[in-house]
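Everything below concerns the one structure shown next.
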Amino acid sequence: MKRAKLAVVGMAAAVIMTGCGSGNTTVSQIEPTTVKITPDSVVFDWQKLYESKLNEFRQSADYKDGLGGSMFDICDITGDGSPELIISPSSDAETACQMYTLSGGSVSSLGENGANGVMLYIPSKNTISFAYIGKSFEIREFKLLEDGEFITKDKFYNNRNGIASGGKLTYEVNNEEVTGVEYDKAVAAYTSLPSLELGRKYSFGAQSQKYALYCSESWGPVLNDAQKEQYKKILADCLQSADTGAAFDIVDINGDNEPELVYSEGSFDTAECNIYMFNGDTAVEAGSCMTARGTINCDVEKKVYFASDSTETDAYALGSSEKTAGYSKTDNIIECGRRYVLTEESIQKAFC
């Protein structure tokens, strides 16, 4: 159950209950309603607990310092309206993500999943998966939450990429040999669906960690109804011509406590991200970026953004077409663009 409240000091507040997604949100609404709500005034019961878990991991032998090292993510992968914590120790090929959820007022493990420090999440099925593609074989697993743990529902294996002359070509679904046509059809039942790559959204820098815990899930109460409708209209227009791989994000790039909208047209190598922000009461396009995998990086300390595959000399401030002179990347980086798959359902859910 996703519950939020506003931390109010010295002001009267009225509590209202609203249905949102698969859970209820408890919001303390400041009166008068013209008072601007800041993201860090919205309090969730998971925030301090996940902060403790992240700090605990930082002291473990699995933690790797620096921008190429450990990262984490916060995303609802169980479909109950409350986010899970996903820690990626590294991006090494054999590294799986550590998954945690809030249960009975404490943090409990959901096990490990993934490879290369990431895992895939298919929102329409509440399914997580990983793929290992080697030179001689390929493995895929798809898991569904049952009784508090993720259980493998379908497992796939093939050796077509490494078959030697005269060798046996093998396709297996759940350890049973099938034809190549049967194999591809069974795999496509999952891979044809929109998915998100999870695990490495937030670096362990002090400011990026603070943003993840105390801002990233708070935009629903922060945006007013008119602002939400403008962002929803932009996304609805994008949806009319979007590829099935399109996605979007809500993130505060310039640190003004008012989030920008980032639209990602896909996860292919030349996908573009378009950024929208509010100029007064009107949502306007504030920048765009051609980038690999349809993501951009935001430095929450320096308040600039750049393509995920670019050098740090190609950083921009919102609304500027000029590169930011003298910029040097900090350790407070977040990946933006692919927080939600672009569907009518996710558009409504994101702006609850």
Side-chain angles (χ1 to χ4, degrees), residues 38-39 66-68 71-73 91 196-197 200-212 214-216 218-219 222-223 227 230-231 233-235 237-238 241-243 245-340 342 350:
T38 60
L67 288 177
M71 299 185 75
F72 69 97
D73 214 329
S91 59
L196 301 170
E197 187 176 271
R200 301 188 64 78
K201 184 175 179 65
Y202 302 103
S203 71
F204 270 83
Q207 291 187 37
S208 53
Q209 180 173 316
K210 181 180 179 181
Y211 175 90
Y214 298 104
C215 294
S216 67
S218 303
W219 301 122
V222 170
L223 292 170
Q227 290 174 322
Q230 289 190 63
Y231 276 170
K233 185 180 186 307
I234 290 171
L235 291 172
D237 290 343
C238 291
S241 58
D243 182 82
F248 67 97
D249 204 346
I250 308 167
V251 58
D252 185 7
I253 296 174
N254 62 359
D256 64 353
N257 290 328
E258 196 167 70
E260 283 67 57
L261 171 66
V262 182
Y263 166 66
S264 167
E265 65 178 357
S267 57
F268 50 91
D269 285 346
T270 57
E272 186 170 289
C273 285
N274 294 324
I275 306 169
Y276 302 87
M277 66 182 296
F278 285 104
N279 182 4
D281 294 326
T282 304
V284 297
E285 187 166 354
S288 63
C289 197
M290 189 77 73
T291 178
R293 300 187 303 112
T295 61
I296 59 173
N297 285 337
C298 169
D299 188 325
V300 293
E301 179 180 338
K302 296 295 184 69
K303 301 177 177 57
V304 298
Y305 70 92
F306 47 93
S308 54
D309 60 340
S310 72
T311 65
E312 58 189 56
T313 58
D314 294 327
Y316 296 86
L318 278 180
S320 173
S321 60
E322 300 293 329
K323 296 178 182 178
T324 302
Y327 168 70
S328 180
K329 191 184 299 183
T330 75
D331 62 355
N332 290 289
I333 303 299
I334 63 176
E335 184 183 83
C336 311
R338 303 192 61 78
R339 173 66 176 81
Y340 302 91
L342 184 63

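In this chain, residues are counted from 1 in sequence order.
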> Heavy atoms, side chains only, cut-off 4.5 Å: are Leu223 and Pro259 in contact?
Replying inline: yes

> Looking at NZ of Lys201 and CZ of Phe72, how far apart are the two atoms once the value is rounded to the nearest 0.5 Å?
Replying inline: 10.5 Å

For residues 280-298, please give each side-chain donor-acceptor pair under 3.5 Å, one per line with the distance, not counting sequence neighbours.
| unit_1 | atom_1 | unit_2 | atom_2 | d |
| --- | --- | --- | --- | --- |
| Thr291 | OG1 | Thr295 | O | 2.5 |
| Thr291 | OG1 | Ser308 | N | 3.2 |
| Thr291 | OG1 | Ser308 | OG | 3.0 |
| Arg293 | NH1 | Glu197 | OE2 | 3.3 |
| Arg293 | NH2 | Glu335 | OE2 | 3.2 |
| Thr295 | OG1 | Ser308 | OG | 3.2 |

>> I'd like to check the side-chain hydrogen bond (donor to acceptor under 3.5 Å, both in side chains) partners of Ser208; sequence neighbours left out, ordered by chain and number.
In response: Ser203

> What closest approach, in Å, do Arg338 and Ala247 show between heavy atoms, and which atom pair accounts for it?
Replying inline: NH1-CB, 3.5 Å

> Nearest 0.5 Å, what's the CD-OH distance between Glu260 and Tyr276?
Replying inline: 13.0 Å

>> Would you compute the distance between atom CD1 of Ile334 and atom CD of Gln207 and round it to the nearest 0.5 angstrom?
In response: 11.0 Å

>> side chain to side chain contact (heavy atoms under 4.5 Å, CB included) for Cys215 and Asp252? Distances and angles first, verdict last.
In response: CA-CA 8 Å; Cys215 294; Asp252 185 7; over 6 Å; no

> Considering residues at least two apart in sequence or located in another chain, which fulfil the side-chain hydrogen bond (donor to acceptor under 3.5 Å, both in side chains) criterion with Asn274?
Replying inline: none

>> Could you go through Phe278 and Tyr231, starting from their C-alpha distance and side-chain angles, then the distance that decides it, and tell me whether this counts as side chain to side chain contact (heavy atoms under 4.5 Å, CB included)?
In response: CA-CA 10 Å; Phe278 285 104; Tyr231 276 170; 3.3 Å; yes

>> Please enumerate all residues that pass side chain to side chain contact (heavy atoms under 4.5 Å, CB included) together with Thr330, with sequence neighbours excluded.
In response: Asp299, Glu301, Lys302, Asn332

> Heavy atoms, side chains only, cut-off 4.5 Å: are Lys323 and Tyr316 in contact?
Replying inline: yes

>> Counting only heavy atoms not in Lys210 (residues, nucleotides, ligands), do more than 12 fall under 6.0 Å from its NZ?
In response: no

>> Can you confirm whether Asp256 is buried at CG, in the sense that more than 12 heavy atoms of other residues, nucleotides or ligands lie under 6.0 Å from that atom?
In response: yes

>> Pair Glu258, Val222 - check side chain to side chain contact (heavy atoms under 4.5 Å, CB included), show working.
In response: CA-CA 7 Å; Glu258 196 167 70; Val222 170; 5.8 Å; no

> With a 4.5 Å heavy-atom cut-off, do Leu261 and Trp219 have their side chains touching?
Replying inline: no

>> Pair Leu318, Ile275 - check side chain to side chain contact (heavy atoms under 4.5 Å, CB included), show working.
In response: CA-CA 8 Å; Leu318 278 180; Ile275 306 169; 3.7 Å; yes

> Taking all atoms of both residues into account, what is the closest heavy-atom pair of Ala315 and Val304, and its distance?
Replying inline: CB-CG2, 3.9 Å

>> How close do Ser91 and Gly68 get, counting heavy atoms only, and between which atoms?
In response: OG-O, 4.2 Å

> Given side chains that start at C-beta, do those of Asn257 and Pro39 come closer than 4.5 Å, heavy atoms only?
Replying inline: yes

> Mind checking what makes salt bridge (Lys or Arg N to Asp or Glu O under 4.0 Å) contact with Asp237, not counting sequence neighbours?
Replying inline: Lys233

>> Between Tyr340 and Phe248, is the ring centroid distance below 6.0 Å?
In response: yes

>> Suppose we screen for salt bridge (Lys or Arg N to Asp or Glu O under 4.0 Å). Which residues come up paired with Glu272, at least two apart in sequence or across chains?
In response: none

